[in-house]
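Remarks on the structure that follows.
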Protein chains: 2
Amino acid sequence: MRRGVAGLNEPLIGLRNGRPRLETPALILDADAFEANLQALTGMARTAGLGLRPHAKSHKCAEIARRQLDAGALGIACAKVGELLALFEAGINPLMLTAPVASRLKIDRLTEAAQRGAVLTVVVDRPDLIADYADSAREAGVSLDVLVECDVGQRRTGVATPEGVVALARQVADESSLRFVGVQGYAGFVQHIFDHEARRTENRLAMGRLLAIVEALDAAGLSPAIVTGGGTGSHLLDFEDKVLTEVQAGSYVFMDEDYRRVDLHGTGADVFGTALFLTVTVIAHNIRGEAIIDAGSKSFAVDGPAPRAYLDGREFGSIAFVGDEFGRLDTLPGKPVPSIGTRLECSVPHCDPTVNLHDFLHVVRADKLEDIWPIEARGLSD
Amino acid sequence: MRRGVAGLNEPLIGLRNGRPRLETPALILDADAFEANLQALTGMARTAGLGLRPHAKSHKCAEIARRQLDAGALGIACAKVGELLALFEAGINPLMLTAPVASRLKIDRLTEAAQRGAVLTVVVDRPDLIADYADSAREAGVSLDVLVECDVGQRRTGVATPEGVVALARQVADESSLRFVGVQGYAGFVQHIFDHEARRTENRLAMGRLLAIVEALDAAGLSPAIVTGGGTGSHLLDFEDKVLTEVQAGSYVFMDEDYRRVDLHGTGADVFGTALFLTVTVIAHNIRGEAIIDAGSKSFAVDGPAPRAYLDGREFGSIAFVGDEFGRLDTLPGKPVPSIGTRLECSVPHCDPTVNLHDFLHVVRADKLEDIWPIEARGLSD
């Protein structure tokens with residue numbers, strides 16, 4: 001028996017009219033839109049001759065990772081050790097950890113997974129971390145692929161100077177239990193710049209910094225096989241610039257109100273469709289006659305623009321948060337207030353942390369509830 | 001084996017020096033501060049001669065609910081059916097559902113729980129909801145205690161007029177499977193007003209509306225045995241005014257940066273201590289030399305003031321969110337940047353949705369990890 005709302009909705013799986021009958025708040029994945037998004041990015045990467053390493057920080061879901069791998073992804077990127085291990089236990093491989101850690105215990109958990117068949121790539125940005133990975137891998141009798149994490153302007157983790165990166169790459173190459181495979185340079189600050197030309201300018205700056213690092217490694221005889229980074233916001237620019245060998249897009253599978261503001265291809269048109277919604281129910285009309293829904297900041301991550309609410313597939317209004325468990329529907333001009341019990345499907349402000357609030361994805365196609373997928377790595381940000 | 005970071009930390013339970021060795025991000029409960037908060041509110045309620053019905057929307061944790069009941073609470077309030085059922089399954093009783101619903105299936109789940117011994121009080125704010133509760137209870141062969149939900153200015157759920165409340169109360173009283181026990185009037189908008197006198201003024205207005213409703217019920221021969229509402233922000237005012245017979249405070253067990261701004265007793269002094277923290281680790285120094293931690297918006301709910309960071313019990317700086325998985329420590333003037341691997345304990349912006357991100361509470365006292373408690377109703381906002 002599935003937990004929470006998914007347990008209530010389990011009997012609807014396979015029913016042609018399951019979608020409109022969902023108990024709420026239920027996180028839903030529109031299968032048609034999801035599959036179209038998957039194919040769209042896969043096609044663009046193939047045309048560009050670049051690889052995809054989709055980032056699971058957005059979905060944390062093994063079924064989605066499996067479909068990304070089936071579509072030709074090189075592997076799955078993870079932000080945290082807990083997320084990576086949960087996906088490995090669910091059968092996902094190969095896996096890349098895209099953030100440095102500062103815990104020998106976590107490193108040992110990774111090399112234990114490698115003993116059991118996990119094909120792992122990790123990132124490093126300091127000498128003691130390289131030593132810890134090397135020691136743990138040697139003790140476990142495994143080998144790890146290692147990238148040097150570069151700061152291309154994100155000011156978070158990573159080494160910024162070419163000489164600093166070369167020194168760490170050499171240290172990795174000198175460890176018998178590690179294999180130097182390349183560099184990571186993630187320009188997270190670029191992804192959400194709305195205007196395409198402004199985003200292009202910033203991405204070129206970031207990728208220019210990464211290119212200088214790649215050239216220094218080439219000169220040092222440490223040419224990187226993998227140059228990884230990028231995201232949904234920069235994917236087209238990354239495919240054009242070809243500094244990266246692979247792109248770590250995540251949000252493209254779902255989309256959200258924040259990314260909808262980003263003009264992804266400079267055409268003003270949507271490149272990816274919205275595939276992630278939260279189904280909610282009108283549970284009251286307040287004293288002003290407005291509709292109150294059964295979801296607030298415990299069901300939506302609220303760090304983004306207001307969700308749009310759809311009724312029978314048509315945009316009907318937007319949601320204002322009025323508590324941790326409640327929202328208010330602000331209807332579009334001319335739309336009536338829906339009656340109590342009405343289900344609305346809402347886009348989400350920001351997909352990654354919203355998915356992190358839910359244990360299950362309800363997979364729908366037209367009016368059918370096709371399946372309910374566990375979000376295995378939900379909450380595993382350790 | 002516990003999930004995620006709690007699984008990593010399980011071997012530390014009972015160790016005298018477990019707290020400084022926690023793998024992170026780990027949500028921790030300072031047992032001394034928690035127990036002092038519990039006793040403080042219990043003492044005030046006893047002095048005032050009023051009851052407490054602590055709200056589990058803040059903690060969602062059966063162990064905390066049990067301690068609240070042991071301290072004399074009348075019962076536990078829940079915001080959602082999923083939350084209530086999870087706490088009932090974990091042994092908590094009696095339980096009050098403080099929001100109306102619009103799902104016969106959820107109502108049936110409640111009456112099934114009542115068949116198995118759950119002592120339930122529910123709220124209603126419309127005739128068809130009363131009919132649904134009455135039908136479900138009759139079919140299940142159980143009886144439910146029912147409150148009429150009143151809107152005292154919150155503009156969310158509930159009936160605002162005395163005559164409207166009397167009409168619903170009469171409808172409840174006429175149902176053989178329901179028992180009219182009183183009214184609920186929650187002034188959520190009052191709770192977070194910083195200034196004590198301004199909060200008093202707004203609370204008096206809200207409680208004045210509720211008193212008019214109580215008087216109308218008295219006049220109709222439907223005197224409410226229970227008048228429930230209130231919260232951490234208004235608790236002292238509610239104890240003084242005595243319109244409510246019981247107070248539903250929730251956040252007082254934990255406290256957060258948002259509530260710390262509220263002058264709870266008009267004295268400028270903290271009435272409750274901060275008992276909830278997130279332990280994080282410095283995982284990098286960025287190119288500016290700032291410390292980067294391993295927690296962002298997937299570990300903190302970000303709808304509130306910045307977390308304060310403590311090192312060895314002393315305030316050391318604050319956390320700026322720089323991603324879903326990363327934060328930046330902004331140190332206080334004169335404080336050095338902590339080395340990589342350093343653990344910091346951080347207060348949280350807003351406790352209720354932060355707890356909702358985590359599966360476990362690490363219970364600490366001094367440097368000892370005493371226990372790890374499951375947050376049974378985490379994510380169950382259905």
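We name chains A, B, ... by the order of the sequence lines, and we start the count at 1 in each one.
With a 4.5 Å cut-off on non-hydrogen atoms, A/R328 does not touch chain B at all. For A/S299, the part sitting under 4.5 Å from any heavy atom of chain B is the side chain, from C-beta outward, and nothing else. Interface residue A/S381: backbone and side-chain heavy atoms are both found under 4.5 Å from chain B. Looking at B/T157, the atoms closer than 4.5 Å to chain A (heavy atoms on both sides) sit in the backbone and in the side chain alike. The parts of B/I283 that come within reach of chain A are both its backbone and its side chain, each placing non-hydrogen atoms under 4.5 angstrom from that chain. Contacts of B/D303 with chain A are made by side-chain atoms alone, with heavy-atom separations under 4.5 Å and no backbone atom involved. Contacts of B/A377 with chain A are made by backbone atoms alone, with heavy-atom separations under 4.5 Å and no side-chain atom involved. A/V282 touches chain B through its backbone: at least one of N, CA, C or O sits under 4.5 Å from a heavy atom, while the side chain does not. Using a 4.5 Å cut-off between heavy atoms, A/E325 touches chain B through backbone and side chain atoms alike. Heavy atoms closer than 4.5 Å to chain B are found in both the backbone and the side chain of A/D294. For A/R155, the parts lying under 4.5 angstrom from a heavy atom of chain B are both the backbone and the side chain.
Ranked by heavy-atom pairs under 4.5 Å with chain B, the list A/L85, A/D128, A/L105 is led by A/L105. Ranked by heavy-atom pairs under 4.5 Å with chain A, the list B/H350, B/E290, B/H285, B/H358 is led by B/H350. Among A/N286, A/V302, A/L129, the residue making the largest number of heavy-atom pairs under 4.5 Å with chain B is A/N286. Of the listed residues (A/R156, A/E149, A/Q154), the one with the most heavy-atom contacts under 4.5 Å to chain B is A/R156. Listed options A/V280, A/T281, A/D151, A/T342 were ranked by heavy-atom pairs under 4.5 angstrom with chain B; first place goes to A/D151. Each of B/A86, B/S103, B/A99 has some count of heavy-atom pairs under 4.5 Å with chain A, and the biggest count is that of B/S103. Contact count against chain B (heavy-atom pairs under 4.5 Å) is highest for A/P353 among A/P353, A/G379, A/A284.
Rounding to the nearest 0.5 Å places CD1 of B/I287 at 10.0 Å from OG1 of A/T161.
A salt bridge does not link B/K80 with A/D324: every distance from a Lys NZ or Arg NE/NH1/NH2 to an Asp or Glu carboxylate oxygen is 4.0 Å or more.
Of the possible polar contacts, none joining the A/D382 side chain to the B/P25 backbone as a donor-acceptor pair under 3.5 Å is found.
Within the 4.5 Å cutoff, side-chain heavy atoms of B/R378 are placed close to those of A/R378. Within the 4.5 Å cutoff, no side-chain heavy atoms of A/L380 are placed close to those of B/K298.
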